Structure formats: C-alpha cells, structure tokens
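Quick notes on the structure that follows.
Any value given below was found using the heavy atoms of this structure, including those in side chains, with hydrogens, waters and symmetry copies removed. Whatever order the structure lists them in is the order used to number ligands and atoms, beginning at 1. Small disclaimer: the values here were computed from a predicted structure and weren't measured.
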Amino acid sequence: MEIEKVCAILAKNLKKWGVSHVFGIPGKAVVPLIVEIDNMGLNFVLSKHECGAGYEAAGYSLLSGKIGIAIGTSGPGGTNLLTAAGQAKASHLPVVFITGHPSIKDTGKALGQDSTPFGTDLVEMFKPVTKFSARVERGDLVESYVNHALEKAFSGVKGPVHLLIPADVLVEEITPFEIELPDPHHVVSQKLNEVIVLLNKAERPVMFLGKGVHSSKAYEEVKLIAEHWSIPVMTTPGGKGTFISTHPLSLGAFGLGGRDEAHHYIEQGIDLMLVLGTKLSDMSLAGFKESSYPDQVIHFDYDPTFVRKSLKVPTLFISGDLKSNLQMIIINNHIHKKDKASLLSVNQTNTFREKEEENDLFMSSQNAVEMMNYILPKDTIIFGDDGSHSFYAIKHFDIKETGTFFFDDVFGAMGNAIGYSIGAKLAAPDKNIVCLTGDGCMLMHGTEISTAVNSRAAVIFIVLNNSGLDMVRQGMKAHVGKIVGTELEVPVDISQYAHSMGALSFKCRSSNQLKEALIKALMSNVTAVIEVIVNRNEIPPTMKRG
Ligand SMILES: Cc1ncc(C[n+]2csc(CCOP(=O)(O)OP(=O)(O)O)c2C)c(N)n1
C-alpha cells in the first residue's frame, strides 16, 4: 500500500486548493513542512515576524478568495502569530495557522520550545482568537483534524483556525489523502417578507453598510436594493469601500471619520435603518445621538451576538448569509437595474474646502489623501492601517469601484495593513495595491517591507509621518488633557529605513512632491515607500468618540 509523509501529503493538498504562497518563519519543529511546500513548487515567503506572516496570509486570502496559510515554529513562533489570528478573526478570513512542537513522543520531558501544557500551551492560547484550535497527536488523525478545521474556517462567518502538528507527526508515514475544500452553505432567513413590508412603509430610510458587505461581496445586491427603494447609503469605517462615493444615493462615511452629509441626514430624522453586516461598534456609532435613533432597525447578520445591543430600538433580525438574503429579496420582488438619471440624489451637499496653505516643512494629511484620490487609478486597492491616517481617507477618499478599500475597525491592530497589502499583492500581482499607514505602525511592522522587496511584491506604502501616535495623542489631548507616551522626540526617517531594506523610497513635504512620487511609484513596479511629512497639529476626523 502506498504511504507518504504527513508533511508531503499536506503540501500536496495545499497545491490542490490552489494555494500559491505560504507565509512564515522556519524553526526546527516546522522545517519538514516548509521543505515539502518548497518541493511542491509553492512559494514559501519568509516574513520578518510571524505576526507579519499571519497578516500576509490574511491579505492573500482576502484578495485570492483562497485559504491563507501562516506557519510559525513551536513556542515563540506560535505566540507571535496570536495577534494576527485575532485580526484574521475580526476580518472573517479563513486562514490556517500551523505551529509545531519538538516531539509528541517526548511530551512530558524537558523540551526546548515545548508547545504543550508542559511548556507554552499554544492550543489553549489560540482558542479565543480562532474558530478551532487543536493538537494533532498522531499521523492517522491528520486527515480528520484538517477536515474539521477547514469546515470551521469556511462555515458561517468565516475565520481562522489553528493546528499544532508536532515534528515527529509531520514525518510520520501514512496512507495519502485528498481533502476537498468545503462548499459554503448559504442559509436564508424565513423573515424576508417582513423586510419588504417595512421597506414599503418607510419614508426616511437609511442603509448602514459594514465590513460584512465586503466579506459576502454583496456590493451589487446592496446597490440594487438601495436604488429600488431609493434608500440613502452610508458606511461604517470598516464598511468603507462597499459603495461608490459618486452614486447619487451615497452619503459617505458615518461614525468615526464620518462626513457631514451622513450626519446631517441622520439628524434630520430617519424612520428605518437597514444595518447590513456590521456589529455597530462604538466607532461606527460615534456621533449618533439617541434623539436621532430610528423607529425601527432591520439588522442583517450571520451572528446574533451584537444584534439589539448597541441600538435599543425595535429590531428585526435577518439571520444568515447577507448576499443570499439580499438575492432572495431581489428575485422575489423582480428588482432590476435602474437608470441612473431616475435616481434622486442625496449627495449634493459636498462642502467646498479651501486647500490648506503649504510650507516647505510639512503638509496636511487631508491634502495628502486628496492627492492620492486624484492620482491613484480608480481600481487601486487600498489597505488602511490603524491610526489617524486611515480616518482621513475614510472621510475624504472617494470610492470609485467597490471592493477597493479595506479597513478593520473591530480588532484594529497597528501594522495589519502592512502585511495585508503584501499578501494581497502576491495574490493579485496585476492590481495596484496601496497601504496607507503611519510612522507608529511602520515602527511596529515596517520590517515587512523587506518581505515585500524580497518577494517582489510591488506594494506602494504611503506613510503619513507625524512623529507620534497621533490617533491616541489627539484623543488624550481632547479627553484627558494630557499626552503621555505618544510622542517621538527624535522622529524616525521612514524613507531611509525603507531604503535600507531595498525599497524605492521617497520623502515628500508638499502636494507636488507627493504627486510626483505617486506617479513614479506607480510606474516603477517595485516595492515603493512614500514618506509624507505631515502637520502634527492638524485635527484628524477621529474626535467624535467620547
Ligand atoms: C497593536 C496596537 N497597539 C496599540 C494600539 C492603539 N493605537 C491605535 S492607533 C495608534 C496610533 C498609530 O500611530 P501611527 O501609525 O503613527 O498613526 P497615526 O495615528 O499617527 O496616523 C495606537 C497606538 C493599536 N490599535 N494596536
């Protein structure tokens, strides 16, 4: 009977699933798997920190629609992956985190980098940040564990899983197996008729779109329904990129980074709010006064955990897959595409803004985002990192195509966008991929620029350098009256830092310099880092939270 090593069988299955890139850092316990991945012709991308590897695997999954794979060795390699698992869970991405253990048969003896309860129990540590976390103690159990892990990763709200496979299990010889990726089952709600009744009755409705619209790629369905019932549309910070800014029904962003149009519309009174794919976090509801609450909410989500929690308003919960539910509404009501000219516009109050005066030392963050808006091709995909820099874009960057802006407002780990953009570029090399980040995020995960350079991922990193952790600095200044631990007395020279890792680098202090750098970076097709020295006294659009 044919037998093969577990690690070779796993590598073959990865290939069968269409995985082209695997991210991680080697260590003795996981070396057999990494070698087989290479033997199989897949690309093993050496990250600079396992957390970066996890972010890269997540970004790869996001743009490829495939499973993401991140590998960290036993002990610290595994603990370094934990934050990325938490981030992948918030991003609803099916990423398999694979860690190791020196030897299962020696468990209980003193082992370096032990990952069992005798050392650093990685299985327990991964449980709260994944949908499934298990140790595979025998070769003949691998198939069953991988099957379960994939089912969890792809069922319901997608998310990460963790498998710890000890080194001696990886080299065990077993009968080969092939696993099919599970088909997602699309559950549809039984209450869709009630939605229609409420929609037909509403006089001043609004749609509020969250990250779930990205996850289910329900962009077209949302647009058809908004147009059919003439419903103005606004987005949460994480929902940025789910609706086109120039659409006549677009109100733009609401909450943190929200636009005046959206906030005015809500303040003038709404009777029905359709909440699509968002938990309604404090960031999404920032500036939403109780006096403006609607009479009724319809909340579409897979997960009921946060339904009726943030808004104490009569709420119809529509459970199940967002896209499938919207499709049922569209089919049952014979909804068709509308002629743009027949749509009533709510999007006419854009306030004219004087450009801020520029000097030779620094520029305005808002001007920087406006220049990005002007220069970047309309299908450029932007990953916004965690900080003031992204909120300038949430407020001021126009979405010209859906699915082109990604930002997480739930877990919000600094530096996640750096890794996400690298993984995304490797998954979709023909797309323009931009990471908008800050100097703080760069100091946390900027070493991944070296990963981008070495794997020829031509990401354009735009770094708004305000020599500090501005989002927290501004919050402390306004709400505490004192700033602590948010300043860099000696600023970091981001362009030199990027240059040292082999990236094409720029330092810009004015709109014209930024324009030139963006054009050069877009034409270069190499990893490029554009440092923009910005005004540290500019007030970011993040002040709506108490
Ligand atoms: C891992 C992690 N630590 C701390 C925070 C809290 N935090 C949110 S934004 C931010 C500042 C980010 O600084 P920078 O990248 O320079 O962006 P800026 O706000 O200055 O634009 C901090 C510290 C976080 N979100 N993630």
Inset, instruction - May I ask you to check whether Phe132 and Phe126 place their ring centres under 6.0 Å from each other? - result: no

Inset, instruction - Report, in ascending order of atom number, the atoms of ligand 1 lying under 4.0 Å from any heavy atom of Cys441. - result: 14 (P), 15 (O)

Inset, instruction - Give a yes or no on whether Lys152 atom NZ has more than 12 heavy-atom contacts from other residues, nucleotides or ligands under 6.0 Å away. - result: no

Legend entry - Any side-chain heavy-atom pair of Phe391 and Phe407 under 4.5 Å: yes

Legend entry - Salt bridge present between Lys279 and Asp303 (N-O < 4.0 angstrom): no

Legend entry - Atoms of ligand 1, numbered as shown, that sit under 4.0 Å from any heavy atom of Met471: 9 (S), 19 (O)

Legend entry - Gly387 N/O under 3.5 Å from ligand 1 N/O: no

Legend entry - Distance from atom 11 (C) of ligand 1 to nearest protein heavy atom, with residue and atom: Leu469 CB, 3.7 Å

Legend entry - Side-chain donor/acceptor of His214 to backbone N/O of Thr402, under 3.5 Å: no

Inset, instruction - Check whether any N or O atom of Gly412, backbone or side chain, sits under 3.5 Å from an N or O atom of ligand 1, and answer yes or no. - result: yes

Legend entry - Under 4.0 Å to a heavy atom of Asp470 - the qualifying atoms of ligand 1, by number: 18 (P), 19 (O), 20 (O)

Inset, instruction - Find all atoms of ligand 1 within a distance of less than 4.0 Å from any non-hydrogen atom belonging to Ser388, and give their numbers and elements. - result: 18 (P), 19 (O), 21 (O)

Legend entry - Contact atoms of ligand 1, heavy-atom distance to Asp386 under 4.0 Å: 8 (C), 9 (S), 12 (C), 25 (N)

Legend entry - Glu487 atom CD, over 12 foreign heavy atoms within 6.0 Å: yes

Inset, instruction - May I ask whether Leu464 has any heavy atom positioned less than 4.0 angstrom from an atom of ligand 1? - result: no

Legend entry - Atom NZ of Lys431: over 12 foreign heavy atoms under 6.0 Å: no

Inset, instruction - Please identify which atoms of ligand 1 are closer than 4.0 Å to at least one heavy atom of Gly468. - result: 16 (O), 20 (O)

Inset, instruction - Show which atoms of ligand 1 fall inside a sub-4.0 Å distance from at least one heavy-atom site of Val472. - result: 7 (N), 10 (C), 22 (C), 23 (C)

Legend entry - Aromatic ring proximity Phe254/Tyr265, centre distance under 6.0 Å: no

Legend entry - Contact check: Gly440 vs ligand 1, nitrogen or oxygen atoms, below 3.5 angstrom: yes

Inset, instruction - Go through ligand 1 atom by atom and flag the ones less than 4.0 Å from a non-hydrogen atom of Asn466. - result: 18 (P), 20 (O), 21 (O)

Inset, instruction - Counting heavy atoms only, name the option from Met414, Gln87, Arg536 that's nearest to atom 4 (C) of ligand 1. - result: Met414

Inset, instruction - Side-chain contact test, heavy atoms from C-beta onward, threshold under 4.5 Å: evaluate it for Lys28 versus Thr73 and give yes or no. - result: no

Inset, instruction - Distance to 0.1 Å, residue and atom name: give those for the protein heavy atom nearest to atom 21 (O) of ligand 1. - result: His389 ND1, 2.8 Å

Inset, instruction - Going by the side chain to side chain contact (heavy atoms under 4.5 Å, CB included) test, name the single residue among Asn466, Val534, Ile539, Asn535 that passes it with Ser365. - result: Val534

